[in-house]
Structures are given as structure tokens and as C-alpha cells.
K.L.:
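Okay, here's the structure, questions in a sec.
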Amino acid sequence: MIYEDALAGGWQDWSWNTTLSTDTANKATGASSLAVTHTAGWAGLSLRASPAINTAGYSSIRFSVYGRANSGALAVSIQTTDSGPVSNQFVLTPTPNAWKVINVPLSALGNPGQIARLNIMEWTGAAQPTYNLDTLRLIGQTLPALSLTVDATAARKPISPLIYGINGTSATTADAAFMKSLGLPVRRWGGNNTSRYNWQLDASNTGFDWYFENVRMSNAVSLPADSAANRVIAQNRAGGVATVLTVPLIGYVAKNATSCGFSIARYGPQTDSDWQWRPNCGNGVKTGGSLVTGNNPADTSLAVGPRFVQTWVAALVSRYGSAANSGVRYYNLDNEPDIWWETHRDVAPLALKYDQLRDRTYQYAAAIKAGDPAAQTLGPVVMGWTYYWHSPYDGQRQDWQTPDDRNAHGGTPLVPWYLQQMRAYEQAHGKRILDFLDLHYYPAAPGVALRPAGNAATQTLRLNSTRSLWDPNYVDESWIASAGPEGGIIKLIPRMRDWVSANYPGTKLAITEYNWGAPEHINGALAQADVLGIFGREGLDLATLWSPPQSTQPLAFAFRIYRNYNGSGGRFGETSVSAVSSAQDRLAIYAAEESATGALTLVVINKTADNLSAPLTLNHFTNRGLVQGWRYSAARLTGIVRLPDQGISGVTFTSTYPANSITLYRVPGRHL
């Protein structure tokens with residue numbers, strides 16, 4: 001119920017240009033109805049739910065409406081967040097002097113995953129006569145019985161172990177234990193401060209993250225041998241963990257560990273400063289609000305070129321061996337060059353154009369390959385959706401409607417154009433210098449990435465938003481829905497695959513920064529487990545989580561489910577096979593075969609607050625023993641629980657999956 005005689009609990013009136021009153025004389029049922037008067041064109045009755053309503057289990061919005069003479073059209077819509085885009089509209093016209101029941105299928109509104117606001121909007125552009133509403137409610141649906149189906153011979157593809165990686169720039173004993181506990185195969189040295197890392201001095205610049213200050217990256221006294229980067233590389237090698245090392249393409253590196261980009265003594269008073277530690281270091285914003293300009297990059301930095309990076313790579317080969325022989329194998333072509341004009345504006349105040357990004361890639365990637373021919377490079381490492389499509393230059397100028405730089409390149413979006421240029425280089429020189437298409441991705445849905453769990457609405461949104469990684473029918477529940485392009489449909493990994501196929505076949509796919517938030521909560525663990533399952537099923541080649549969890553946090557157990565579920569190195573299989581749920585949004589499933597034994601490993605994620613039961617059918621598979629199980633759930637957040645073994649009746653076994661849980665089954669046997 002939303003309204004009958006009064007608004008139901010949890011609903012609030014957020015209407016605009018609309019007056020509401022109680023009408024006891026004219027009602028469909030009960031004691032009264034709601035009289036609604038729109039006092040201007042496009043006015044709206046808007047009812048806000050707090051928390052937002054999860055639409056799972058609902059089929060429609062139903063209400064009774066009573067019109068008057070000259071009643072005009074009304075439009076029903078919803079918003080999935082308080083300020084999110086408006087859904088499709090369902091248009092109706094009240095019948096004069098009669099009650100009429102209106103049923104609005106949720107499918108007509110785009111099948112929203114949740115309802116934060118329900119709107120009934122004036123749709124003629126002019127004030128209207130009063131109309132009455134009554135018995136406004138959400139109508140439940142009878143959900144079909146859940147079922148899970150695995151086909152051991154269908155959709156077979158290798159799962160890259162490199163999708164289970166993290167970011168990190170420290171090398172403590174605790175870091176080593178953490179990586180071993182989670183069975184992590186790859187760690188990236190990255191982030192904003194690596195863009196200006198001077199490997200010879202072990203110093204970098206914090207950029208706008210912290211007052212543009214030069215800092216030491218470790219307490220090393222023997223340089224460059226004992227640098228922070230070398231400590232990470234050495235620790236990774238000792239633990240059998242591959243390294244993704246970010247190298248600077250920005251053209252500058254820190255000249256010392258003491259300077260800052262916007263000295264107050266030199267450039268005048270600023271709106272903020274590092275008053276506690278370095279009070280002379282400002283934020284680069286004048287007291288009037290304008291940016292400090294005309295500063296000298298030499299205040300903090302040395303100008304360097306590709307030779308600087310080539311020398312570093314050669315030093316790493318000398319110290320650790322080549323990429324083909326246990327040395328550093330992967331090199332990131334800097335970090336988010338699309339926003340240097342913000343993050344490092346003290347040395348790069350003008351955003352890159354298409355050609356500049358291409359040329360730097362040519363120069364520096366070739367230098368890396370010259371230093372170690374077996375090394376693999378990852379680029380362009382742009383930070384998000386906007387810059388998949390636009391150049392940094394157009395973005396800095398907010399030139400979205402007539403983007404000069406993009407239009408000067410045939411209107412081709414940045415990432416496809418970049419791939420075309422990398423292919424052109426190989427055709428011209430007979431040598432590949434880009435091995436991975438690497439894009440950063442943070443879900444844009446409000447309150448999700450890099451945030452705590454939040455309220456029930458945010459938690460629902462977090463679990464819905466993993467669909468942006470793959471689903472061709474999912475319209476992103478964020479600003480992306482209205483800002484486009486592609487109608488707000490991201491389908492990130494298939495899109496990356498399509499871009500590569502069309503523009504530079506053979507390029508692998510990487511996401512070296514992503515984050516779905518809530519590391520402290522079971523909701524974050526569920527989302528992360530879903531993300532890792534999607535990465536494997538969709539064929540991503542490498543991924544490293546930004547801002548890893550603490551070892552004891554729920555999100556860490558999502559990694560353990562895939563990489564160390566039994567505490568003894570038990571891992572999800574290496575070959576993905578077909579796994580289908582009748583309701584992937586409620587009970588998600590992923591399946592993979594163990595290469596060594598042929599056993600199937602199955603991960604089932606209950607994303608709901610209810611216990612769910614479902615039969616699980618194994619096709620084209622002969623089981624040879626009892627099903628083993630492990631589970632992580634809200635019932636015990638401190639560890640993964642071993643389940644009793646169970647048998648299979650024919651090709652099917654049925655289980656109940658507790659609310660908010662992740663279950664891994666191992667089924668011994670072989671595919672047919």
C-alpha cells in the first residue's frame with residue numbers, strides 16, 4: 001500500500017506545483033481519497049519512498065482515479081533514486097465523473113530495479129481540474145519457481161587468473177600474508193601519485209590528492225635498490241604474484257621529496273593549505289576562487305622523456321630478469337591521463353588531445369619494449385565512461401555538443417580511435433606496442449563506488465549495478481542514463497570486446513581500477529563475488545581492485561571464495577562453462593571446471609533478504625561423488641563455513657540458499 005486514506009509509512013510528499021487535500025465525500029474505498037490539483041503545466045504529484053522499494057516480486061502499480069470535466073492527460077513515471085533520471089512514462093486520461101482502476105505494468109516503466117519516487121505528472125502543459133486518487137499500491141506477482149542449470153560442455157572458455165588482482169603500493173609482512181590468504185595472483189602499483197614517480201629518488205608528487213606535494217614513497221636509505229617500487233616487486237615475486245607497474249608518461253617526475261606545486265610564499269594566499277604538516281603548500285586555488293596559473297613545473301619536477309622510462313625498465317631487467325624470466329611482466333602506460341589537467345594541473349594544466357595521447361603511447365610503449373621486448377603494456381588507462389568517448393581536451397572545455405577534437409577525428413570516440421592508431425603502428429613497424437586495452441571503471445550509481453554499504457536502497461542499487469558490466473538491456477541507474485551515449489547502456493566488457501574486434505583484434509582486456517564499495521558489509525561481499533563471477537564468464541583478461549579490503553572484512557571473503565575457499569588453496573575452476581539462473585538478479589550462478597580433475601566448481605549468490613530454494617541441474621556431466629560445499633553469509637561474517645556433503649539424485653540436487661549468502665559447490669566428475 002502507498003495510499004489509502006493516508007500515505008503509508010515510509011512515503012513522503014515531494015510534489016511540485018501541486019496541492020493535495022483529503023476528500024471524504026468522494027472515495028473509491030475506505031474513508032477518503034486524495035484530491036490532487038496541478039496548479040501549472042507539467043506539475044507533478046511525487047511520492048518519495050524511504051528507503052527505496054525493491055521491485056523484485058512486484059508486477060505493477062495500481063490505483064483508482066476519478067476525473068472531472070476537461071480532465072487532461074497524466075503521465076505516471078518513477079525514479080530509482082531521489083534525483084535520478086525519470087523512467088518511461090505511462091500516459092492516461094481520467095474518466096470524467098467516474099472511478100476507473102488504472103494498472104501500470106512495471107515493464108511499461110522500463111522494469112526498474114527499485115522505486116525511490118513515484119510521479120504522476122500533468123501532461124498537457126497547462127493547469128488541470130482537480131482529480132481524485134485512491135487505493136494506490138504496488139501489486140505483487142507470483143514469481144516463477146527458481147531453477148539453476150549448468151551445462152559442462154557449453155560456453156567453455158578459459159578464465160584468466162589475473163582477474164583476481166588488487167592494487168597496492170606497500171610491502172609489509174601483513175601485505176604478504178594478506179595476498180597469500182586471498183590467493184591473489186597479481187598486484188598493481190598504480191594511482192595518481194605514480195604518474196610522477198622518480199624511480200631513482202623514490203619520490204613522487206601527490207597531485208591534487210594532497211596539496212601537490214613531493215613525498216618520499218618509502219623510508220629506504222639505499223636507493224634506488226631499496227625503493228618502494230622495488231619492495232613491492234620483490235614481495236610480489238616472492239609470493240608468486242605478478243606485477244603491473246605504472247610508469248610515467250606525463251613528462252615530469254619529482255625532483256626531491258620536499259617541494260610543492262603551489263607555494264603560498266611564491267603564488268600568494270590560497271583557499272586551503274596543508275596547515276598541519278607543510279603550511280606553505282597550498283591547494284592552487286586563489287582566495288577569490290580562481291585557479292593559480294602560470295606556476296613553474298620546475299618548482300617540483302624534472303622534465304623527462306621516454307629515455308627515463310626505458311632506463312628504468314632496463315634497470316628492472318638487470319635486477320629481476322626479463323618479463324619472460326620472472327621479471328616485471330606488465331607495464332601500465334601511466335594512470336588516468338585523461339584527467340591530468342585536474343590531478344596534476346601544476347605540471348599539466350592543458351588536457352591532452354587525441355593525437356597527443358597517441359604520440360605519447362607510441363613513444364613510451366616503444367621505449368618499454370626496447371627495454372624488455374617480452375614486456376606487455378596496458379593503455380590508455382582512462383578513468384571512466386566520459387573519456388571512453390571524448391578527449392581530455394574536449395572534456396576540460398565541457399565541449400560535449402560540438403566536441404572540436406573528437407570532430408577533428410571523424411567523430412570517432414576516443415577508445416576506438418586509440419585502438420585504430422595502435423593497429424596502425426603495428427602495421428607500419430611490424431611490432432605490437434599495446435597488449436591490453438585497459439579502462440578504469442567505477443559504477444556511477446550514487447553511493448556505490450568507494451562508499452560504505454549505505455541504506456537498503458543503496459545496497460539494492462549496488463547489487464543491480466553489476467549488470468553494467470555485461471547486460472545489454474540494463475540502463476545505468478545514474479547520470480549516465482540521461483547523458484548517454486548509447487542510451488545509458490554500458491555493457492562494459494562486451495563493449496570493450498567489440499571495440500577490440502573492430503579496431504585492433506588480438507588486444508587483451510583489462511580493468512586495472514574498479515570498486516563497488518561496502519568492504520565492511522555483506523552487501524559489498526555479494527557485489528564483489530558477482531563482479532568476479534562476471535569477469536570470468538565474460539572473458540576479461542586482467543583486473544585489479546582499487547582500495548582493497550582489510551583481511552578480516554567481508555569483501556575479502558569474496559576473493560577467498562574464488563581463490564582459497566577451504567583455507568588450503570581451493571580455487572574456482574579455470575574453464576568457465578554455461579551457468580544459467582531463472583532469476584540472475586536474485587540468485588546468480590557461475591560455473592567453472594577444474595583443469596586438473598574435471599570437477600565442477602559452482603558459485604551461487606543469493607542477493608536477496610530471503611532464503612531461496614532451487615534445484616540445480618548438471619547437464620553433460622557425470623558426477624563421481626558427493627557434492628562438497630562452502631558458504632559465506634551474513635550469519636557468520638568472520639569466516640567461510642564448510643557445509644555437509646550431499647548427494648545428487650540423477651543430474652539434479654536441490655539446496656536452500658540463505659539470505660545474503662555466497663555458496664561454493666565442488667562436484668567431482670567429468671564432462672561428457
K.L.:
Does the side chain of T149 pick up a donor-acceptor pair with the side chain of D151 at under 3.5 Å?
P.N.:
no

K.L.:
Would E486 and R495 pass as an ion pair if we require N to O under 4.0 Å?
P.N.:
yes

K.L.:
Between T458 and N455, do the side chains contain a donor N or O and an acceptor N or O under 3.5 Å apart?
P.N.:
yes

K.L.:
Just checking, is any N or O donor in the side chain of S60 or N103 under 3.5 Å from an acceptor N or O on the other one?
P.N.:
yes

K.L.:
So, R642 and D645, do they make that salt bridge, N to O below 4.0 Å?
P.N.:
yes

K.L.:
Does the Q141 side chain pair with the main chain of Y58, one donor and one acceptor, at a distance under 3.5 Å?
P.N.:
yes

K.L.:
Just by modelled atom types, is the A659 backbone N or O under 3.5 Å from a matching donor or acceptor in the N611 side chain?
P.N.:
yes

K.L.:
Side chains of T608 and R586: is there a donor and an acceptor less than 3.5 Å apart?
P.N.:
no

K.L.:
Which residues pass the side-chain contact (heavy atoms from CB on, under 4.5 Å) test with P380, sequence neighbours left out?
P.N.:
L357, V382, Y418, L437, L439

K.L.:
Is the closest side-chain donor-acceptor distance between T81 and E477 under 3.5 Å?
P.N.:
no

K.L.:
Keeping S661 on the side-chain end and Y657 on the backbone end, is there a donor-acceptor pair under 3.5 Å?
P.N.:
no

K.L.:
Check this for me, if you would: do E593 and R156 make a salt bridge, where the nitrogen-to-carboxylate-oxygen distance has to be below 4.0 angstrom?
P.N.:
yes

K.L.:
Please check this pair: side chain of D476 against backbone of I489, looking for a donor-acceptor N/O pair closer than 3.5 Å.
P.N.:
no

K.L.:
Hey, is NZ on K157 packed in by over 12 heavy atoms from elsewhere, all under 6.0 Å?
P.N.:
yes

K.L.:
Scan residues 547-559 for pairs that pass side-chain hydrogen bond (donor to acceptor under 3.5 Å, both in side chains), counting only residues two or more places apart or in two chains.
P.N.:
S551-R560

K.L.:
From the options Y562, W630, Y665, Y565, select the one residue that forms a ring-ring contact (aromatic ring centres under 6.0 Å, His included) with F572.
P.N.:
Y562

K.L.:
Look at the aromatic rings of Y441 and W516 and report parallel, tilted or perpendicular, splitting at 30° and 60°.
P.N.:
tilted

K.L.:
As a test of understanding, state which of W470, Y164, Y514 forms a ring-ring contact (aromatic ring centres under 6.0 Å, His included) with F535.
P.N.:
Y514

K.L.:
Using modelled atom types and a 3.5 Å cut-off, is there a donor and acceptor pairing between side-chain atoms of D5 and backbone atoms of S33?
P.N.:
no

K.L.:
Can you name the closest pair of heavy atoms from S633 and I522 and give their distance?
P.N.:
C-CD1, 4.0 Å

K.L.:
Within the side chain of T55, is there an N or O that forms a donor-acceptor pair under 3.5 Å with the backbone of P112?
P.N.:
yes

K.L.:
Ignoring hydrogens and geometry, is there a side-chain-to-backbone donor-acceptor pair from S465 to L461 under 3.5 Å?
P.N.:
yes

K.L.:
Could you check if a side-chain atom of L419 sits within less than 4.5 angstrom of a side-chain atom of V500, using non-hydrogen atoms only?
P.N.:
yes

K.L.:
Closer than 4.0 angstrom, basic N to acidic O: yes or no for D471 and K491?
P.N.:
no

K.L.:
Backbone N or O of S64 within a donor-acceptor pair of the D134 side chain at under 3.5 Å?
P.N.:
no

K.L.:
For T617 and T652, test the side chains for any donor-to-acceptor distance below 3.5 angstrom and give the result as yes or no.
P.N.:
yes

K.L.:
Is it true that Q79 and N119 share a donor-acceptor pair across their side chains at a distance under 3.5 Å?
P.N.:
yes

K.L.:
Looking only at atom types and distance, does a side-chain atom of Q89 sit under 3.5 Å from a main-chain N or O of V76, one as donor and one as acceptor?
P.N.:
no

K.L.:
State, without any angle test, whether S15 and D13 hold a side-chain donor-acceptor pair at a distance under 3.5 Å.
P.N.:
yes

K.L.:
Can you confirm whether T663 sits close enough to V603 that some side-chain heavy atom of one is under 4.5 Å from a side-chain heavy atom of the other?
P.N.:
no

K.L.:
Does this structure show an ion pair linking D530 with K607, if we count only N-O contacts that are shorter than 4.0 Å?
P.N.:
yes

K.L.:
Going through the distances and angles, do H440 and T512 end up as a side-chain contact (heavy atoms from CB on, under 4.5 Å)?
P.N.:
CA-CA 6 Å; H440 290 177; T512 56; 2.9 Å; yes

K.L.:
Could you check whether any side-chain N or O of N523 sits under 3.5 Å from a backbone N or O of A527, counting only pairs where one atom can act as donor and the other as acceptor?
P.N.:
no

K.L.:
Is any NZ, NE, NH1 or NH2 atom of the basic residue among E594 and R571 found under 4.0 Å from an Asp or Glu carboxylate oxygen of the other?
P.N.:
no

K.L.:
Kindly indicate whether the side chain of V604, heavy atoms from C-beta on, has any atom under 4.5 Å from the side chain of L148.
P.N.:
yes

